[in-house]
Amino acid sequence: MKTLRDVAIGDSAKVIKLHGEGAVKRRIMDMGITKGVEVYVRKVAPLGDPIELTVRGYELSLRKEDAAMIEVA
């Protein structure tokens with residue numbers, strides 16, 4: 001299973017499934033990360049956390065812990 005955490009800088013991925021439960025999953029969906037959306041990894045912070053993404057035309061920072069819950073292809 002490949003997650004958003006595994007996507008290299010400068011690459012895009014399509015969201016297949018959101019793992020996790022309750023409030024965390026809801027928060028990720030509220031940020032615009034839903035099944036079928038294309039996500040572009042812009043950059044990663046110097047210490048590796050957070051990851052900066054472009055989703056639906058806007059920029060978003062996401063913790064690696066949350067990125068590991070997003071299955072991509």
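Owing to the predicted nature of the structure, the values given are computational and were not obtained by experimental measurement.
Not a single side-chain hydrogen bond (donor to acceptor under 3.5 Å, both in side chains) links Glu21 to another residue, sequence neighbours left out. Residues passing the salt bridge (charged side-chain N to carboxylate O under 4.0 Å, His left out) test with Arg56, sequence neighbours excluded: none. Taking Arg42 as the reference, Glu52, Glu59 meet the side-chain hydrogen bond (donor to acceptor under 3.5 Å, both in side chains) condition, with sequence neighbours excluded.
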Is there a side chain to side chain contact (heavy atoms under 4.5 Å, CB included) between Leu4 and Val72? Walk through the geometry before answering.
CA-CA 6 Å; Leu4 189 55; Val72 296; 4.3 Å; yes
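Here the side chains of Leu18 and Met69 are not in contact, with every heavy-atom distance at 4.5 Å or above. Considering only heavy atoms from C-beta on, His19 comes within 4.5 Å of Met1 through its side chain. The shortest distance between side-chain heavy atoms of Thr34 and Val15 does not fall below 4.5 Å. A 4.5 Å side-chain heavy-atom check between Leu62 and Ile33 finds at least one atom pair inside the cut-off.
Under a hydrophobic-cluster definition in which Ile, Leu, Val, Met, Phe, Trp and Tyr are linked whenever side-chain heavy atoms come within less than 4.5 Å, directly or via other members, Val37 and Val24 are assigned to the same cluster. Following chains of ILVMFWY side-chain contacts shorter than 4.5 Å, one can reach Met29 starting from Val55, so the two form part of one hydrophobic cluster.
Screening Ile28, Thr3, Leu53 against Ile70 for a side chain to side chain contact (heavy atoms under 4.5 Å, CB included) leaves a single residue, Ile28.
Minimum interatomic distance between Asp49 and Ala45 (heavy atoms only, all atoms of both residues): O-CB, 3.5 Å. The two residues Lys64 and Ile51 come nearest to each other via the heavy atoms CG-CD1, 3.9 Å. Shortest non-hydrogen contact noted between Tyr40 and Ser12 is CD1-OG, 3.4 Å.
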